[in-house]
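Worksheet for the structure shown next.
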Amino acid sequence: MDSGDVLVYDTTLRDGTQGEQVNFSAEEKLRIALRLDEMGFHYIEGGWPGSNPKDARFFELAKEVPFRHTRLTAFGSTRKPHTEAASCPHIAAMLQAETPSVAIFGKTWDLHVSEILNVSLEENLDMIRDSVAYLKHKGKEVIFDAEHFFDGYKNNPAYARRVCETALFAGADMIVLCDTNGGTMTHDLTAIIREVISYIPPHLLGIHAHNDCGLAVANSLAAVHNGVKMVHGTINGYGERCGNADLVSIIGNLHLKMNRKCLPEASIRELTHLSNYVSDIANIPPLNSRPFVGRSAFTHKGGVHVDAVLKNPMAYEHINPELVGNHERVLVSDLSGKSTIAFKARELGIDLGNEMSVNKKIVQKIKIMEDQGYHFDSAEGSLSVLMKKIKGEFKEPFVLESFQVFNAKTGDNPPITQASIKISVGGEEELTAAEGNGPVNAG
Ligand SMILES: [Zn+2]
């Protein structure tokens with residue numbers, strides 16, 4: 001495994017699936033895992049085998065797959081209170097997944113220990129110590145997720161520190177500081193991390209941020225900037241409530257803005273494809289405004305902007321879109337000027353020549369039609385027809401001679417519709433008819 005400069009830990013298949021509308025079958029999880037492996041992700045958290053049969057089945061399927069770059073990781077909790085780690089079913093389920101790494105989360109916020117888990121602060125530490133030590137004894141790499149670390153630290157810094165040190169001294173390989181509720185401001189998170197690295201070396205630290213304040217990516221990058229080695233997140237930021245940190249943005253920023261390596265260079269150009277691939281499998285429409293990879297990320301609509309980017313793309317683009325596998329787009333609307341029309345005509349293969357009068361007429365016509373309620377920004381076919389009409393090059397592909405639609409309904413029988421249409425192409429007439437369950441269906 002190429003350890004890289006920053007370790008990327010993907011939890012799309014576990015934390016991501018806690019997001020509303022995000023569901024993957026075991027087979028779909030495997031497809032995503034293979035894609036992430038191919039791109040060089042260091043860790044993939046495949047699921048929580050103790051919590052549901054689907055995740056257990058995913059790990060069974062994954063046993064047949066030789067991952068080349070990634071360390072597959074099973075997720076779970078520390079042992080139950082007042083039991084032995086060796087006899088805890090949660091921990092047994094993690095071991096059955098037969099992954100090289102395991103991630104376990106432990107309570108770090110004293111409020112959660114006393115009020116939610118309902119055990120003493122000492123018992124919580126014992127649960128963490130026993131669980132980590134047992135999993136290490138079983139030969140696993142152990143990643144310890146310090147749940148609610150930042151909220152815990154604000155409330156009781158000494159206890160949050162003890163939790164992390166307990167896991168570390170029991171043998172944990174990584175301590176991941178989690179902003180589980182996603183409510184931590186970047187300046188507070190930075191200040192806390194600076195204190196933590198005075199007692200835990202930053203190369204043993206990870207960050208796991210949620211996006212409830214829209215800061216998950218910023219918080220993750222701030223943590224890395226302060227030395228944290230491992231960054232958790234999900235593709236497209238899928239996750240519970242407002243989601244997890246979006247790894248697509250994090251990777252783009254690390255490579256292109258912070259000069260920090262995490263994935264191979266070729267994988268950066270795959271980011272747009274990856275984002276679309278995962279949203280396709282999740283059956284969630286891609287977000288047009290998603291940074292770096294969204295359809296609108298390098299799309300220009302305002303006439304002044306288009307005029308400028310056609311002279312020099314840097315004028316309104318923060319990076320070359322091809323670096324992340326995206327591309328520039330120009331939209332036509334009533335905000336467009338002559339440069340936009342010239343650009344689109346070239347793109348649509350229409351030669352406007354040097355006749356500025358044609359270009360001007362097209363601009364004027366679009367402005368009038370947009371005022372009447374037409375929209376051209378996602379209707380390139382209509383734009384092409386309009387340009388050809390104004391240029392005098394448009395030929396009707398056919399002439400509509402006549403059409404008829406017949407609807408009938410009798411008794412309990414389903415309605416019947418028959419439609420017929422006659423058109424002519426180059427003087428030759430064609431008549432066709434069809435039946436259907438409604439006029440559109442029949443037509
Ligand atoms: Zn989480």
Side-chain angles (χ1 to χ4, degrees), residues 1 7-18 24-30 32-34 36-37 41-108 117 119 123-147 163-164 166-176 178 180 204 206 208 230 232:
M1 182 179 69
L7 296 173
V8 183
Y9 185 106
D10 180 273
T11 179
T12 308
L13 306 182
R14 201 276 302 169
D15 227 358
T17 64
Q18 290 180 213
F24 301 118
S25 66
E27 288 76 10
E28 287 170 334
K29 282 183 160 211
L30 197 62
I32 294 173
L34 288 169
L36 297 173
D37 177 49
F41 280 66
H42 303 101
Y43 292 84
I44 299 172
E45 193 171 83
W48 188 343
S51 77
N52 66 78
K54 183 177 33 181
D55 282 2
R57 204 162 71 76
F58 163 75
F59 284 109
E60 284 304 312
L61 292 174
K63 283 176 192 171
E64 307 300 320
V65 176
F67 287 100
R68 287 185 305 148
H69 303 288
T70 205
R71 289 176 80 81
L72 192 62
T73 306
F75 178 83
S77 63
T78 50
R79 69 155 171 79
K80 287 180 171 182
H82 314 295
T83 59
E84 302 267 309
S87 59
C88 176
H90 295 310
I91 297 205
M94 266 191 281
L95 291 171
Q96 272 164 22
E98 292 179 20
T99 53
S101 301
V102 292
I104 54 167
F105 72 95
K107 299 285 183 196
T108 316
L117 200 56
V119 299
E123 170 62 10
N124 181 53
L125 296 178
D126 287 346
M127 287 159 63
I128 292 165
R129 188 182 299 110
D130 292 352
S131 308
V132 171
Y134 179 70
L135 288 164
K136 282 308 293 178
H137 167 72
K138 289 286 178 183
K140 300 293 175 187
E141 178 186 29
V142 177
I143 294 160
F144 178 73
D145 283 1
E147 195 195 23
V163 166
C164 293
T166 298
L168 198 62
F169 297 152
D173 298 275
M174 271 291 176
I175 305 294
V176 181
C178 302
T180 311
L204 300 180
H208 178 110
M230 175 186 273
H232 286 206

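Sorted by first and then second residue, the pairs that involve residues 138-147 and meet side-chain hydrogen bond (donor to acceptor under 3.5 Å, both in side chains), not counting sequence neighbours, are Tyr43-Glu141, Arg71-Glu141, Ser101-Glu141, Lys107-Glu147.
Heavy-atom minimum distance, Ala146 versus Cys164: CB-SG, 4.1 Å. Taking both residues in full, the closest heavy atoms of Ala26 and Leu61 are given as CB-CD1, 3.9 Å, listed atom of the first, atom of the second, then distance. Annotation for Phe75 and Trp48: closest pair O-CD1, 3.3 Å, computed over non-hydrogen atoms. Of all heavy-atom pairs between Ala62 and Leu30, the closest is CA-CD1, 4.0 Å. Minimum heavy-atom separation, Ala74 to Ala97: CB-CB, 3.8 Å.
Legend: residues meeting salt bridge (charged side-chain N to carboxylate O under 4.0 Å, His left out) with Lys54, ordered by chain and number and at least two apart, are absent. Scored by the side-chain hydrogen bond (donor to acceptor under 3.5 Å, both in side chains) test, Thr108 finds no partners at all (sequence neighbours excluded). Considering only residues two or more places apart in sequence or on other chains, Phe24 meets the ring-ring contact (aromatic ring centres under 6.0 Å, His included) condition with none of them. The salt bridge (charged side-chain N to carboxylate O under 4.0 Å, His left out) test applied to Glu123 returns Arg79, not counting sequence neighbours. Applying the salt bridge (charged side-chain N to carboxylate O under 4.0 Å, His left out) test to Asp37 and every residue at least two apart in sequence or in another chain returns nothing. Residues satisfying the side-chain hydrogen bond (donor to acceptor under 3.5 Å, both in side chains) test with Thr11, not counting sequence neighbours, are Glu45. Partners of Glu60 according to the salt bridge (charged side-chain N to carboxylate O under 4.0 Å, His left out) rule, which considers only residues two or more places apart in sequence or in another chain, are Lys63. Looking at residues two or more places apart in sequence or on another chain, you find no side-chain hydrogen bond (donor to acceptor under 3.5 Å, both in side chains) involving Gln96. For Phe41, the ring-ring contact (aromatic ring centres under 6.0 Å, His included) test picks out no residue, with sequence neighbours left out. Scanning for side chain to side chain contact (heavy atoms under 4.5 Å, CB included) contacts around Ser25 gives Glu27, Glu28, with sequence neighbours left out.
The side-chain heavy atoms of Leu72 and Phe58, taken from C-beta on, include a pair separated by under 4.5 Å. At a threshold of 4.5 Å between non-hydrogen side-chain atoms, the residues Ile104 and Thr78 count as touching. Looking only at side-chain heavy atoms (C-beta outward), Leu34 and Val65 come within less than 4.5 Å of each other. Between Met174 and Leu7 the shortest side-chain heavy-atom distance falls below 4.5 Å. Side-chain contact between Phe144 and Thr166 is absent, with no heavy-atom pair separated by less than 4.5 Å.
Here the OG1 atom belonging to Thr73 is positioned 7.5 Å from the CZ atom belonging to Phe59, to the nearest 0.5 angstrom. Taken to the nearest 0.5 Å, the CG atom of Asn52 stands 8.0 Å off from the OG1 atom of Thr17.
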* Show your working on side chain to side chain contact (heavy atoms under 4.5 Å, CB included) between Thr70 and Leu36 and close with a plain yes or no. => CA-CA 8 Å; Thr70 205; Leu36 297 173; 6.0 Å; no
* Stepwise, does the side-chain hydrogen bond (donor to acceptor under 3.5 Å, both in side chains) test hold for Asp15 with His232? -> CA-CA 10 Å; Asp15 227 358; His232 286 206; over 6 Å; no
* Asked: Please walk me through it: do Val163 and Leu125 pass side chain to side chain contact (heavy atoms under 4.5 Å, CB included)?
  -> CA-CA 6 Å; Val163 166; Leu125 296 178; 3.8 Å; yes
* To do: Walk me through it: do Phe67 and Thr99 pass the test side chain to side chain contact (heavy atoms under 4.5 Å, CB included)?
  => CA-CA 11 Å; Phe67 287 100; Thr99 53; over 6 Å; no
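At distances below 3.5 Å, at least one donor-acceptor pair connects side-chain atoms of Asp173 with backbone N or O atoms of Val142. Within the 3.5 Å criterion, the main-chain N or O of Gly46 finds a donor-acceptor partner in the side chain of Lys29.
Checked against Tyr9 for a side-chain contact (heavy atoms from CB on, under 4.5 Å), the options Met230, His42, His208 give a single hit: Met230.
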Could you list the donor-acceptor pairs under 3.5 angstrom formed by side chains in residues 80-87, with sequence neighbours left out?
| residue | atom | partner | partner atom | Å |
| --- | --- | --- | --- | --- |
| Thr83 | OG1 | Lys80 | O | 2.7 |
| Ser87 | OG | Glu84 | O | 3.2 |

